[in-house]
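Working notes for the structure below.
These values consider heavy atoms only, across backbone and side chains, with no hydrogens, waters or symmetry-generated copies. Note on naming: letters A, B, ... go to the chains in the order of the sequence lines (proteins, then strands), and numbering restarts at 1 for each one.
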Amino acid sequence: MDVAAIPGVPDWLPGHLEDEGIEALYPPQAEAVEAGVTEGANLVASVPTASGKTLVAELAMLSAVAGGESGKALYIVPLRALASEKAEEFEQFERYGVEVGVSTGNYDSDGGWLADKDIIVATSEKVDSLVRNDAAWIEDLSCVVTDEVHLVDDGQRGPTLEVTLAKLRQLNAGLQTVALSATIGNADELADWLDAELVDSNWRPIELQKGVHYGQALHLEDGSQQRLEVRNGESETAAIVRDTLADDGSTLVFVNSRRNAEAAARRLSSTTRDFLDADERETLAEIAAEIRDVSDTETSDDLADAVEGGAAFHHAGLASDHRSLIEDAFRDRLLKVVCATPTLAAGVNTPSRRVVVRDWRRYDGSTGGMAPLSVLEVHQMMGRAGRPGLDPYGEAVLLANSHDELDELFERYVWADPEPVRSKLAAEPALRTHLLATVASGFASSREGLLEFLERTLHATQNADRNELERVTDRMLDYLEVNDFLERDGDQLQATGLGHTVSRLYLDPMSAAEIIDGLRDWERSGGRTESSRTAGETGDEEPAGFTRASELAANDDGDDGPREPPSALGLYHLVARTPDMYELYLRSGDEDEYTQLAFERETEFLGPMPSEYEDDRFEDWLSALKTARLLEDWASEIDESEITDRYGVGPGDIRGKVETTQWLLGAAESLAGELGLNCVPAVREARTRVEHGVRSELVDLAGVRGVGRKRARRLYDAGIRTRADLREADKAVVLGALRGREKTAENVLENAGRENPSMDGVEPAEIDGIDATAGESDDGDGATAADDPEDQSSLGDF
DNA sequence: AAGTACTATATCTAGACAGCATGTC
DNA sequence: CTAGATATAGTACTT
């Protein structure tokens with residue numbers, strides 16, 4: 001189809017597309033247009049990665065935005081990183097007056113309110129949250145596009161997407177719904193659910209050959225074979241990487257664990273190293289240096305070492321700066337190999353000439369062994385092969401080490417159709433969250449109303465039998481009522497004040513209940529007590545250190561009155577055991593170590609400690625303790641490298657934990673405030689400490705922009721203890737504490753509100769323990785966290 | 001004594017969304 | 001119903 005023939009789009013669009021070199025639509029795009037996607041029709045497009053889904057979305061959104069006075073389009077993505085990536089793509093339309101905005105949990109576009117934007121990109125949870133909080137512009141939407149809609153199959157996050165789409169469609173009867181999916185077996189059911197036209201196609205702009213390597217040959221799905229020799233002492237993967245490099249192509253290797261990714265990258269770097277020219281070596285060395293600057297950890301070092309040889313690993317333990325450095329270097333063809341966990345299969349666009357799916361089984365504790373990856377997941381990985389416009393074709397390869405496995409892999413993955421996508425809504429965690437939110441934001445006010453609302457979900461489309469859904473619904477309504485989030489009056493359901501708060505805070509009601517119980521228990525019991533005793537003990541013999549409150553004595557005059565506030569560790573533990581925080585893995589030896597810690601610090605925990613004999617619960621509780629101590633270490637200014645070492649995590653994991661803790665403690669503060677509890681200041685302090693990674697005495701200083709944990713400590717040690725001190729202090733001392741960096745010092749003073757921050761002519765004072773010439777490089781803007789990676793003064797992910 | 005090659009054994013396991021408030025002349 | 005790669009310690013053998 002000629003671009004000039006597309007109906008319903010703005011006048012400028014055909015010219016724009018031609019400028020971009022697009023003269024004709026790809027077949028699936030043309031099908032979408034014929035199905036009316038530019039004329040308001042609902043559409044489900046099930047097409048391979050990189051086959052032009054984005055243009056379909058753009059056509060839909062632009063036609064919707066251009067059409068009406070207040071038309072507005074929403075683009076829903078599964079990951080924050082995709083939100084920014086997509087928004088950047090859409091910004092090409094800003095020159096035609098189409099404003100693009102982003103909204104995710106940690107980032108809102110600057111330059112005005114979302115209501116002023118024409119296209120808004122957001123994660124599904126953010127959209128859900130915006131609906132719960134009555135964002136006014138939601139009713140102005142004329143088009144919603146959902147990317148990667150097959151993720152409704154995900155047990156954890158799928159229900160959110162499903163319910164959110166149902167809500168958007170209920171709010172706005174005329175809403176055009178476009179859903180983009182990977183190729184799946186039952187796209188027709190999704191179309192059925194969304195009352196949509198269906199484009200179901202396997203067409204790709206670049207040929208993709210799937211195959212299996214076995215022995216000395218690559219067996220391709222078209223029946224052909226290529227000789228691909230594995231040399232002595234060389235791994236199969238290395239042989240493929242070498243073969244691809246001989247043709248000047250790069251390889252993406254998917255493996256099943258972080259450790260495997262790191263080991264594979266290290267080994268493969270000796271293969272790739274031989275193929276680098278002098279320029280590449282130099283640029284890679286620069287990138288390696290940037291990587292080391294991101295964080296001073298072993299992970300960072302290992303990554304930099306591999307990168308110097310032209311290989312890299314990629315997984316969620318990396319800091320986000322690490323990840324984008326790797327992604328960019330791979331796109332620029334500097335890196336010849338990236339060994340990745342599934343982060344990269346679902347994440348930002350990083351195509352490659354060849355893809356090797358090295359591991360097709362992954363450990364799964366719930367099945368007690370290695371479970372095969374789903375066909376969809378493997379196909380998603382394979383779909384990364386072939387860079388549009390750069391490669392003549394893509395190849396995706398599985399590895400077999402027996403003839404039987406060769407056959408099995410062809411059956412199981414190469415020739416197989418992806419599993420059908422199934423709604424996971426009828427599960428307790430999903431329903432307790434979404435039932436409460438649905439009632440709280442007024443979509444239903446009775447059990448029948450709820451069930452009627454649930455008719456709009458994919459679950460209802462896929463399941464004729466409503467029994468299961470009703471059964472779980474009833475159980476969860478009881479749960480919500482018992483915990484005082486919902487009130488029932490006859491048939492009527494109403495959210496309590498608390499229920500509204502929980503829904504708006506975006507907490508799992510079970511997390512809220514845990515937090516509320518913990519905080520209340522603490523206040524009721526005077527800071528420690530019976531309930532912090534091991535539940536399995538009868539109480540005749542109190543463990544040592546059990547009666548701290550009596551030692552503190554001052555207010556020990558009864559049941560009420562001010563209490564000793566909970567400790568940071570206690571609060572971190574409280575939020576760490578909530579279902580909204582995912583658990584750290586307990587390694588061998590950890591169990592003993594944390595059991596001991598649990599008894600040493602018994603008085604600090606909020607709520608009862610489960611008995612050691614309740615295996616599962618106790619283990620979860622210990623795992624939360626491990627997380628809590630990690631957070632406490634972070635909030636005690638322990639070095640990042642020490643923490644990654646001690647807990648066996650990567651720098652990215654620390655950031656992730658810190659971020660979740662900030663959110664949950666923020667929520668805890670709101671709940672405590674609403675319930676009139678006394679611990680609000682303690683909660684706030686624990687949150688601020690974890691946010692900046694500082695002890696309490698630095699909280700004020702670390703709140704100054706440009707001052708992170710390291711700089712705050714240096715300033716403090718130089719005698720500057722508060723933001724106010726910063727406004728008054730001797731500039732020489734400030735400059736000395738900041739290791740002689742003038743720009744940094746000026747910026748910090750300015751951010752602290754000092755009248756004249758200029759450092760002209762100021763000589764840094766000598767300060768004990770600070771080497772004025774060491775470390776910190778001055779890159780010009782001085783006050784950002786980036787010039788001193790250890791500062792970690794900002795949490796920005798983008 | 002140090003290096004090498006090999007084997008037995010222990011260890012460990014993917015990912016990642018969400019609140020709020022509020023600034024500055 | 002279902003494990004396998006890697007790190008590490010240990011061992012035998014060579015140089």
Within this structure, what is the CH2-to-P distance between A:W360 and C:dT2, rounded to whole angstrom?
15 Å

Using whole Å, report how far NE2 of A:H500 lies from C1' of B:dG19.
17 Å

Identify the stems formed by DNA chain B, where each pair is Watson-Crick or G-U wobble with both distances under 3.5 angstrom and a stem is at least 3 consecutive pairs.
B:1-13 with C:3-15

Of all the nucleotides listed (C:dA5, C:dA7, B:dC17), which has the minimum atom distance to the side chain of A:R266?
C:dA7

Nearest to the side chain of A:R504 - B:dA14, C:dA3, B:dC20?
B:dC20

Among B:dG15, B:dA18, C:dG4, the nucleotide that comes nearest once only the side chain of A:T123 is considered
B:dA18

Mind checking A:T660 for me? I need base, sugar-phosphate or nothing, with any heavy atom below 4.0 Å counting as a touch.
base

So, does A:R157 get its side chain near the phosphate of B:dA18, meaning an N or O under 4.0 Å from OP1 or OP2?
no

Nearest whole angstrom, please: distance from the C1' of B:dG23 to the CD of A:E750.
14 Å

Can you tell me if the side-chain N/O atoms of A:R358 get under 4.0 Å from OP1 or OP2 in C:dT6?
yes

Taking atom types as modelled and ignoring hydrogens, do the side chains of A:T160 and A:D128 form a donor-acceptor contact shorter than 3.5 angstrom?
no

Mind checking A:R267 for me? I need base, sugar-phosphate or nothing, with any heavy atom below 4.0 Å counting as a touch.
sugar-phosphate

Looking only at B:dG19, B:dA14, C:dA3, the nucleotide nearest the A:S129 side chain is B:dG19

Using modelled atom types only, decide if a donor and an acceptor are shared between the side chain of A:H379 and the backbone of A:L376 within a distance under 3.5 Å.
no

Can you tell me the distance, in whole Å, between the CG atom of A:D359 and the P atom of B:dG15?
13 Å

Round to a whole Å and report the spacing from NE2 of A:H315 to P of C:dA5.
19 Å

Look at the side chain of A:N256 and the backbone N and O of A:T341, then say whether any donor-acceptor pair between them is shorter than 3.5 Å.
no

Interatomic distance, A:R132 CZ vs B:dG19 P [rounded to whole Å]
9 Å

Would you say A:T341 places a side-chain N or O within less than 4.0 Å of OP1 or OP2 belonging to B:dG15?
yes

How would you label the contact of A:N133 with the nucleic acid (heavy atoms, under 4.0 Å): base, sugar-phosphate, or nothing?
sugar-phosphate

Under a 4.5 Å cut-off applied to non-hydrogen side-chain atoms, are A:K167 and A:S441 in contact?
yes

Rounded to whole angstroms, how far apart are CD on A:E262 and P on B:dA14?
11 Å

Of the listed nucleotides (C:dT6, B:dA18, B:dG19), which one gets closest to any side-chain atom of A:R80?
B:dA18

Give a yes/no on whether any side-chain N or O of A:R259 is located under 4.0 angstrom from OP1 or OP2 of C:dG4.
no

Looking only at side-chain atoms of A:T104, point me to the closest of B:dC20, C:dA5, B:dA18.
B:dA18

Of A:D321, A:T644, A:L318, which meets side chain to side chain contact (heavy atoms under 4.5 Å, CB included) against A:P651?
A:T644

Could you tell me if the side chain of A:V699 sits less than 4.5 Å from the side chain of A:R689, heavy atoms only?
yes

Of the candidate nucleotides B:dG15, B:dC17, B:dG19, which contains the atom at the shortest distance from the side chain of A:L79?
B:dC17

Under a 4.5 Å cut-off applied to non-hydrogen side-chain atoms, are A:K424 and A:D153 in contact?
yes

For A:L505 and B:dA21, give me the distance from atom CG to atom P, rounded to whole Å.
10 Å

Provide the distance between the two P atoms, one in B:dA14 and one in C:dA7, to the nearest whole Å.
14 Å

Are A:N751 and A:L726 packed together at the side-chain level, in the sense that at least one heavy-atom pair is separated by less than 4.5 angstrom?
no

Describe the nucleic acid contact of A:A263 in one word from base, sugar-phosphate, nothing, applying a heavy-atom distance below 4.0 Å.
sugar-phosphate

Indicate, with a heavy-atom threshold strictly under 4.0 Å, whether A:N256 touches base, sugar-phosphate, or nothing.
sugar-phosphate

With respect to the side chain of A:M370, which nucleotide from C:dA3, B:dC20, B:dG15 is positioned closest?
C:dA3

Please figure out whether A:R362 or A:G666 has its closest DNA chain B nucleotide nearer the 5' end.
A:R362

Whether A:R231 side chain and A:A239 backbone form a donor-acceptor pair below 3.5 Å
no

Look at the side-chain N and O atoms of A:S257 and state whether any lies under 4.0 Å from the OP1 or OP2 oxygen of B:dC12.
no

If you find the nucleotide of DNA chain B closest to A:Y363 and the one closest to A:Y506, which residue's nucleotide is nearer the 5' end?
A:Y363

